[in-house]
Amino acid sequence: MESKKSTKIKIISLVASLVICFLLIGVSVYAALTQTVTINNNINITTGGQTEVAVKVSEYINAGTTAITASPASITGWTEKVTKSATEQTKEGSVTPIDFNLTTGKNYYAYKFEFTNSSTVKAYAHISASAVGNTQLTIYYGETLSASMSSLENNIALDADVDLDATGGTGEFYIIVAANKALENLTAVAEIPFNISITIDQNV
């Protein structure tokens with residue numbers, strides 16, 4: 001009788017140990033799959049001087065989990081997100097929040113800014129973005145999309161100009177926020193802002 005009772009206790013202990021073991025495995029896998037770097041981003045466009053410049057902002061979100069070590073040479077499938085007509089003085093909008101997460105599997109977010117100057121004066125678009133203090137991310141930028149775009153060092157804010165000729169002058173600018181580590185290797189961080197501002201004015 002005592003032996004049966006002892007065997008029962010051993011079986012219950014073994015089952016309980018296995019359950020705890022599985023729970024620990026489940027927690028560690030869940031934690032690995034939810035390592036996240038999230039950026040909440042907004043775009044603000046303002047106009048000054050005598051300029052009339054139309055602005056179109058589009059985004060592209062790349063599906064992938066591998067590390068991005070260079071800017072993409074080309075992108076197709078842009079989605080228009082914010083549009084300012086030539087006569088509007090200001091425009092505010094938001095794009096999809098950036099979320100680097102193995103579960104959702106997106107390894108870079110790209111933004112294209114298109115400018116058309118319909119005024120009779122030369123103009124420029126001044127583009128700035130807040131610094132991103134995270135060495136796991138690389139910010140690529142430039143007036144041409146290519147595999148050799150410039151990149152920002154960690155904690156450096158974006159500060160660039162696009163010159164626009166009078167009466168029909170056009171220009172483009174690209175910003176790409178990429179994970180330079182494979183998504184499963186990311187270290188989770190708190191949400192950070194990445195706000196993009198565009199100020200349009202006339203050249204003097």
Side-chain angles (χ1 to χ4, degrees), residues 25-45 55-84 91-115 125 127-160 162 171-198:
I25 290 169
V27 169
S28 64
V29 170
Y30 179 78
L33 290 175
T34 55
Q35 291 166 343
T36 301
V37 176
T38 304
I39 297 175
N40 184 21
N41 43 344
N42 295 297
I43 294 172
N44 299 303
I45 306 168
V55 182
K56 182 167 75 172
V57 182
S58 303
E59 74 174 11
Y60 172 81
I61 305 171
N62 191 66
T65 60
T66 57
I68 300 297
T69 56
S71 52
S74 63
I75 294 174
T76 56
W78 293 96
T79 301
E80 191 174 313
K81 299 297 288 185
V82 183
T83 303
K84 183 192 88 66
K91 190 80 172 190
E92 290 185 15
S94 60
V95 290
T96 304
I98 296 172
D99 184 14
F100 293 106
N101 182 314
L102 185 60
T103 304
T104 54
K106 305 294 188 290
N107 59 0
Y108 75 78
Y109 292 71
Y111 306 99
K112 176 169 68 171
F113 305 87
E114 298 172 89
F115 305 98
I127 302 157
S128 59
S130 45
V132 175
N134 190 327
T135 57
Q136 303 173 109
L137 306 180
T138 302
I139 314 295
Y140 298 99
Y141 67 96
E143 293 184 45
T144 305
L145 184 64
S146 76
S148 57
M149 295 172 72
S150 298
S151 62
L152 291 173
E153 293 180 21
N154 187 44
N155 271 321
I156 302 297
L158 177 64
D159 189 22
V162 176
E172 291 182 351
F173 195 82
Y174 298 86
I175 298 174
I176 298 166
V177 183
N180 56 40
K181 286 187 175 183
L183 298 189
E184 66 266 23
N185 297 328
L186 290 176
T187 301
V189 297
E191 183 176 281
I192 52 178
F194 183 66
N195 296 318
I196 301 168
S197 296
I198 302 168

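In this text, all values refer to a predicted model and were calculated from it rather than measured experimentally. For this chain, numbers begin at 1 and follow the sequence in order.
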With a 4.5 Å limit on heavy-atom distance, are the side chains of Glu143 and Val162 in contact? yes
When you measure from the side chain of Asp159 to the backbone N and O of Ser128, does any donor-acceptor pair fall under 3.5 Å? no
Would you say the side-chain atoms of Ser197 pair up with the backbone N or O of Asn44, donor to acceptor, closer than 3.5 Å? no
For the pair Phe113 and Tyr111, name the ring-plane relationship: parallel under 30°, tilted 30 to 60°, perpendicular over 60°. tilted
For the side chain of Glu59 and the backbone of Thr96, is there at least one donor-acceptor N/O pair under 3.5 Å apart? yes
Output yes when a side-chain donor or acceptor of Lys106 lies under 3.5 Å from a complementary backbone atom of Thr104, and no otherwise. yes
Starting at CG of Asn62, measure out to OH of Tyr108 and round the result to the nearest 0.5 Å. 4.0 Å
For Ser151 and Tyr140, which heavy atoms make the closest approach, and how far apart are they? CB-CD2, 3.9 Å
Specify the closest pair of heavy atoms between Gly142 and Met149, including all atoms of both residues, with the distance to one decimal. N-CE, 3.6 Å
Do Glu191 and Pro97 have side chains that get closer than 4.5 Å, going by heavy atoms? no
Thr187 backbone acceptor or donor facing Gln136 side chain under 3.5 Å: yes
Heavy atoms of Phe115 and Ile127 approach each other most closely as CZ-CD1, 4.0 Å
Going from CD1 on Ile61 to CH2 on Trp78, what distance comes out if it is rounded to the nearest 0.5 angstrom? 10.5 Å
Judged by atom type as modelled, is there a donor-acceptor pair below 3.5 Å linking the side chain of Ser94 to the main-chain atoms of Asn42? no
Minimum-distance pair of heavy atoms, taken over all atoms of Ile176 and Pro72: CD1-CD, 3.5 Å
How far does OG1 of Thr135 sit from CD of Glu153, to the nearest 0.5 angstrom? 12.5 Å
Ser71 and Ser146 have their tightest heavy-atom pair at OG-O, 2.6 Å
Correct closest heavy-atom pair for Ala110 and Ile75 would be CB-CD1, 3.6 Å
Can you find a pair of side-chain heavy atoms, one from Leu158 and one from Phe173, that are under 4.5 Å apart? yes
Quick check against the 3.5 Å criterion: does Ser130 have a side-chain atom that pairs as donor or acceptor with the backbone of Asn195? yes
Tell me which one of Thr69, Thr138, Asn107 satisfies side chain to side chain donor-acceptor pair (under 3.5 Å) with Asn180. Thr138
As an exercise, state the distance from OG1 of Thr66 to CG of Leu183, rounded to the nearest 0.5 Å. 7.5 Å
Tell me yes or no: between the side chains of Glu172 and Thr144, is some donor less than 3.5 Å from an acceptor? no
State the CG-CG distance between Leu102 and Asn185, to the nearest 0.5 angstrom. 9.5 Å
Check: Tyr109 ring centroid to Phe100 ring centroid under 6.0 Å: yes
